[in-house]
Amino acid sequence: TGGHTTEILRLLSCLSESYSPRHYVLADSDKMSEAKIRSFEKKRAETLSESQFSLDRIPRSREVRQSWISSVVTTLYSILYSLPLTYKRKPDLILCNGPGTCVPVCLSAFLFGLLRIKRTIIVYVESICRVETLSLSGKILYYFSDYFIVQWPDLKKKYPKSLYLGRIV
(Lines give C-alpha, C1' and ligand atoms only; values in the text may rest on other atoms or scores of the structure.)
Protein backbone atom coordinates (compact mmCIF):
# COMPACT_ATOMS: atom_id res chain seq x y z
CA THR A 1 0.00 0.00 0.00
CA GLY A 2 2.48 2.66 1.09
CA GLY A 3 5.87 1.23 0.16
CA HIS A 4 4.89 -0.17 -3.21
CA THR A 5 3.21 3.10 -4.13
CA THR A 6 6.30 5.08 -3.20
CA GLU A 7 8.51 2.76 -5.27
CA ILE A 8 6.29 2.87 -8.36
CA LEU A 9 6.04 6.66 -8.20
CA ARG A 10 9.84 6.87 -8.08
CA LEU A 11 9.97 4.75 -11.22
CA LEU A 12 7.30 6.85 -12.93
CA SER A 13 9.11 10.08 -12.12
CA CYS A 14 11.86 8.97 -14.54
CA LEU A 15 9.50 8.34 -17.44
CA SER A 16 8.85 10.87 -20.16
CA GLU A 17 5.44 12.34 -20.82
CA SER A 18 5.05 9.99 -23.79
CA TYR A 19 3.94 7.41 -21.20
CA SER A 20 0.51 8.92 -21.05
CA PRO A 21 -2.22 8.50 -20.12
CA ARG A 22 -1.35 6.57 -16.98
CA HIS A 23 -3.97 4.31 -15.42
CA TYR A 24 -3.40 3.44 -11.80
CA VAL A 25 -5.08 0.36 -10.36
CA LEU A 26 -5.54 0.30 -6.60
CA ALA A 27 -7.02 -2.19 -4.20
CA ASP A 28 -10.46 -1.10 -3.07
CA SER A 29 -9.28 -1.22 0.55
CA ASP A 30 -6.17 0.91 -0.09
CA LYS A 31 -6.75 4.21 1.67
CA MET A 32 -3.28 5.81 1.38
CA SER A 33 -2.15 5.39 -2.22
CA GLU A 34 -4.74 7.58 -3.90
CA ALA A 35 -3.53 10.70 -2.08
CA LYS A 36 0.11 9.90 -2.96
CA ILE A 37 -0.78 9.39 -6.62
CA ARG A 38 -2.82 12.58 -6.84
CA SER A 39 0.01 14.56 -5.25
CA PHE A 40 2.54 13.02 -7.64
CA GLU A 41 0.37 13.76 -10.68
CA LYS A 42 -0.29 17.32 -9.51
CA LYS A 43 3.47 17.98 -9.31
CA ARG A 44 3.97 16.27 -12.66
CA ALA A 45 1.32 18.53 -14.26
CA GLU A 46 3.28 21.61 -13.14
CA THR A 47 6.31 20.61 -15.24
CA LEU A 48 4.82 18.64 -18.14
CA SER A 49 2.41 19.98 -20.68
CA GLU A 50 -0.07 17.12 -20.47
CA SER A 51 -0.50 14.93 -17.44
CA GLN A 52 -3.35 12.53 -18.05
CA PHE A 53 -4.15 9.83 -15.54
CA SER A 54 -6.99 7.83 -14.09
CA LEU A 55 -7.55 5.81 -10.95
CA ASP A 56 -9.38 2.51 -10.92
CA ARG A 57 -10.11 0.24 -7.99
CA ILE A 58 -10.41 -3.54 -7.90
CA PRO A 59 -11.06 -5.94 -5.03
CA ARG A 60 -7.87 -6.81 -3.16
CA SER A 61 -6.72 -10.25 -4.22
CA ARG A 62 -5.11 -11.10 -0.90
CA GLU A 63 -5.05 -9.37 2.45
CA VAL A 64 -2.00 -9.54 4.71
CA ARG A 65 -2.13 -12.78 6.75
CA GLN A 66 -5.09 -14.09 4.75
CA SER A 67 -5.14 -17.90 4.51
CA TRP A 68 -3.85 -19.40 1.27
CA ILE A 69 -7.08 -21.25 0.57
CA SER A 70 -9.33 -18.23 0.92
CA SER A 71 -6.85 -16.11 -1.05
CA VAL A 72 -7.40 -18.37 -4.08
CA VAL A 73 -11.09 -17.45 -4.03
CA THR A 74 -10.48 -13.71 -3.54
CA THR A 75 -7.81 -13.70 -6.27
CA LEU A 76 -10.16 -15.38 -8.74
CA TYR A 77 -12.81 -12.79 -7.88
CA SER A 78 -10.27 -10.02 -8.41
CA ILE A 79 -9.25 -11.48 -11.78
CA LEU A 80 -12.89 -11.60 -12.88
CA TYR A 81 -13.26 -7.98 -11.80
CA SER A 82 -10.05 -7.04 -13.64
CA LEU A 83 -11.04 -8.53 -16.99
CA PRO A 84 -13.52 -5.78 -18.01
CA LEU A 85 -11.22 -3.07 -16.66
CA THR A 86 -8.24 -4.39 -18.62
CA TYR A 87 -10.39 -4.74 -21.72
CA LYS A 88 -11.68 -1.19 -21.32
CA ARG A 89 -8.23 0.36 -20.78
CA LYS A 90 -6.37 -1.86 -23.29
CA PRO A 91 -2.94 -0.91 -21.91
CA ASP A 92 0.14 -1.04 -24.11
CA LEU A 93 2.35 -1.46 -21.06
CA ILE A 94 1.82 -2.56 -17.47
CA LEU A 95 4.52 -1.44 -15.06
CA CYS A 96 4.11 -3.03 -11.66
CA ASN A 97 6.19 -3.68 -8.58
CA GLY A 98 4.62 -6.25 -6.36
CA PRO A 99 1.40 -5.45 -4.58
CA GLY A 100 -1.09 -8.30 -4.90
CA THR A 101 -3.35 -6.00 -6.90
CA CYS A 102 -1.01 -6.25 -9.87
CA VAL A 103 -1.39 -10.02 -10.25
CA PRO A 104 -5.05 -10.02 -11.41
CA VAL A 105 -4.44 -7.11 -13.79
CA CYS A 106 -1.35 -8.75 -15.29
CA LEU A 107 -3.07 -12.12 -15.64
CA SER A 108 -6.02 -10.41 -17.35
CA ALA A 109 -3.68 -8.68 -19.80
CA PHE A 110 -1.78 -11.92 -20.37
CA LEU A 111 -5.06 -13.71 -21.15
CA PHE A 112 -6.07 -11.02 -23.66
CA GLY A 113 -2.68 -11.47 -25.32
CA LEU A 114 -3.21 -15.23 -25.58
CA LEU A 115 -6.64 -14.62 -27.10
CA ARG A 116 -5.09 -12.09 -29.52
CA ILE A 117 -7.42 -9.36 -28.28
CA LYS A 118 -4.64 -7.00 -27.19
CA ARG A 119 -0.93 -7.58 -26.65
CA THR A 120 0.33 -5.81 -23.54
CA ILE A 121 3.96 -5.64 -22.43
CA ILE A 122 4.23 -6.56 -18.75
CA VAL A 123 7.20 -5.16 -16.85
CA TYR A 124 7.55 -6.34 -13.27
CA VAL A 125 10.03 -4.66 -10.94
CA GLU A 126 10.62 -6.63 -7.75
CA SER A 127 10.65 -4.46 -4.66
CA ILE A 128 14.01 -3.20 -3.41
CA CYS A 129 13.31 -4.92 -0.08
CA ARG A 130 13.33 -8.36 -1.73
CA VAL A 131 17.02 -9.25 -1.38
CA GLU A 132 17.14 -13.06 -1.32
CA THR A 133 13.67 -14.31 -2.26
CA LEU A 134 10.87 -13.13 -4.51
CA SER A 135 7.58 -11.82 -3.20
CA LEU A 136 4.49 -13.95 -3.83
CA SER A 137 3.54 -11.61 -6.67
CA GLY A 138 7.05 -11.97 -8.07
CA LYS A 139 6.91 -15.77 -7.89
CA ILE A 140 3.69 -15.70 -9.92
CA LEU A 141 4.57 -12.97 -12.42
CA TYR A 142 8.06 -14.33 -13.09
CA TYR A 143 6.34 -16.67 -15.56
CA PHE A 144 3.97 -14.14 -17.13
CA SER A 145 6.00 -10.93 -17.44
CA ASP A 146 7.89 -9.84 -20.52
CA TYR A 147 10.56 -8.16 -18.41
CA PHE A 148 11.23 -9.19 -14.82
CA ILE A 149 13.59 -6.77 -13.08
CA VAL A 150 15.35 -7.51 -9.80
CA GLN A 151 17.42 -5.05 -7.79
CA TRP A 152 19.86 -7.44 -6.12
CA PRO A 153 22.48 -9.67 -7.81
CA ASP A 154 21.59 -12.72 -5.69
CA LEU A 155 18.09 -12.72 -7.14
CA LYS A 156 19.49 -12.60 -10.67
CA LYS A 157 21.51 -15.73 -9.90
CA LYS A 158 18.43 -17.57 -8.60
CA TYR A 159 16.11 -16.38 -11.38
CA PRO A 160 17.96 -16.43 -14.72
CA LYS A 161 15.08 -14.90 -16.72
CA SER A 162 15.32 -11.77 -14.59
CA LEU A 163 17.18 -8.60 -15.47
CA TYR A 164 19.49 -7.06 -12.90
CA LEU A 165 19.85 -3.31 -13.41
CA GLY A 166 21.11 -2.42 -9.95
CA ARG A 167 18.99 -0.46 -7.54
CA ILE A 168 16.54 1.55 -9.60
CA VAL A 169 14.20 2.87 -6.88
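Please read these numbers as outputs of a predicted model, since none were measured by experiment.
From Cys129, atom SG reaches atom CH2 of Trp152 across 10.0 Å, with rounding to the nearest 0.5 Å. The line from CG of Asn97 to SG of Cys102 is 7.0 Å long, rounded to the nearest 0.5 Å. To the nearest 0.5 Å, atom CD1 of residue Ile79 and atom OG of residue Ser61 are 8.0 Å apart. Taken to the nearest 0.5 Å, the CG atom of Asp28 stands 8.0 Å off from the CD1 atom of Ile58. For the atom pair Lys158 NZ and Leu134 CG, the distance stands at 8.5 Å (nearest 0.5 Å). Atom OG1 of Thr6 and atom CZ of Phe40 lie 11.5 Å apart (nearest 0.5 Å).
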Quiz item: So Ile128 and Glu7, side-chain contact (heavy atoms from CB on, under 4.5 Å) or not? Walk me through it.
Solution: CA-CA 8 Å; Ile128 187 81; Glu7 285 187 7; 3.0 Å; yes
| task | Kindly indicate, with the supporting measurements, whether the criterion side-chain contact (heavy atoms from CB on, under 4.5 Å) is fulfilled by Thr120 and Leu93. | result | CA-CA 5 Å; Thr120 300; Leu93 170 76; 5.6 Å; no
Working note: His4 + Thr101, criterion side-chain contact (heavy atoms from CB on, under 4.5 Å); need CA distance, chi angles, decisive distance, verdict.
CA-CA 11 Å; His4 289 296; Thr101 306; over 6 Å; no
I'd like to know whether Leu26 forms a side-chain contact (heavy atoms from CB on, under 4.5 Å) with Thr5, so could you lay out the CA-CA distance, the side-chain angles of the two residues, the decisive distance to 0.1 Å, and finally the verdict.
CA-CA 10 Å; Leu26 311 171; Thr5 303; 5.5 Å; no
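Aromatic rings from Tyr142 and Tyr159 are positioned such that their centres are separated by under 6.0 Å.
Residues Leu95 and Leu12 meet the side-chain proximity criterion, which asks for heavy atoms closer than 4.5 Å. With a 4.5 Å cut-off on side-chain heavy atoms, Ser135 and Glu126 count as touching. No side-chain heavy atom of Pro21 sits less than 4.5 Å from a side-chain heavy atom of Phe53. Residues Val131 and Leu155 are not in side-chain contact: their nearest non-hydrogen atoms beyond the backbone lie 4.5 Å or more apart. Under the 4.5 Å side-chain criterion, counting only non-hydrogen atoms from C-beta, Pro91 is in contact with Thr86. Side-chain contact check for Tyr147 versus Leu163: some heavy-atom pair is nearer than 4.5 Å. Taking 4.5 Å as the limit, every side-chain heavy atom of Ile94 sits out of range of all side-chain heavy atoms of Val123. Considering only heavy atoms from C-beta on, Leu55 comes within 4.5 Å of Arg38 through its side chain.
Placement of Ile122 and Leu114 within a single hydrophobic cluster is found when ILVMFWY residues are connected by side-chain heavy-atom separations under 4.5 Å, directly or transitively. The cluster map of Ile, Leu, Val, Met, Phe, Trp and Tyr, joined by side-chain heavy atoms under 4.5 Å apart, puts Val150 and Tyr143 in the same cluster. Phe110 and Leu76 are not part of a single hydrophobic cluster, where members link through side-chain heavy atoms under 4.5 Å apart.
Heavy-atom contacts from other residues, nucleotides or ligands closer than 6.0 Å to NZ of Lys43 number 12 or fewer. Atom OH of Tyr164 sits in a crowded spot, with more than 12 heavy atoms from other residues, nucleotides or ligands closer than 6.0 Å.
The pair Lys36-Asp30 does not count as a salt bridge, with every side-chain nitrogen at least 4.0 angstrom from each carboxylate oxygen. A salt bridge links Arg57 to Glu34: at least one charged side-chain nitrogen sits closer than 4.0 Å to a carboxylate oxygen. Between Arg22 and Glu41 there is a salt bridge, since a side-chain N of the basic residue sits under 4.0 Å from a carboxylate O of the acidic one. At a threshold of 4.0 Å, the pair Asp92-Arg119 does not count as salt-bridged, since none of the basic side-chain nitrogens sits closer than that to a carboxylate oxygen.
There is a side-chain donor-acceptor pair under 3.5 Å between Ser70 and Ser67. A donor-acceptor pair shorter than 3.5 Å cannot be found between the side chains of Arg44 and Thr47.
Counting all heavy atoms, side chain and backbone alike, Pro104 lies closest to Ser82 at CB-OG, 3.4 Å. Pairing each heavy atom of Tyr124 with each of Gly98, the nearest pair is OH-CA, 3.2 Å. Closest heavy-atom contact between Gln151 and Ser127: NE2-C, 3.8 Å.
Without hydrogens or angle criteria, Lys161 side chain to Phe148 main chain gives no donor-acceptor distance under 3.5 Å. Thr75 places no side-chain N or O within 3.5 Å of a backbone atom of Val72 that could act as its donor or acceptor partner.
Membership of the apolar cluster around Ile117 extends to Leu80, Leu83, Tyr87, Leu111, Phe112, Leu115, as traced through chained side-chain contacts below 4.5 Å between ILVMFWY residues.
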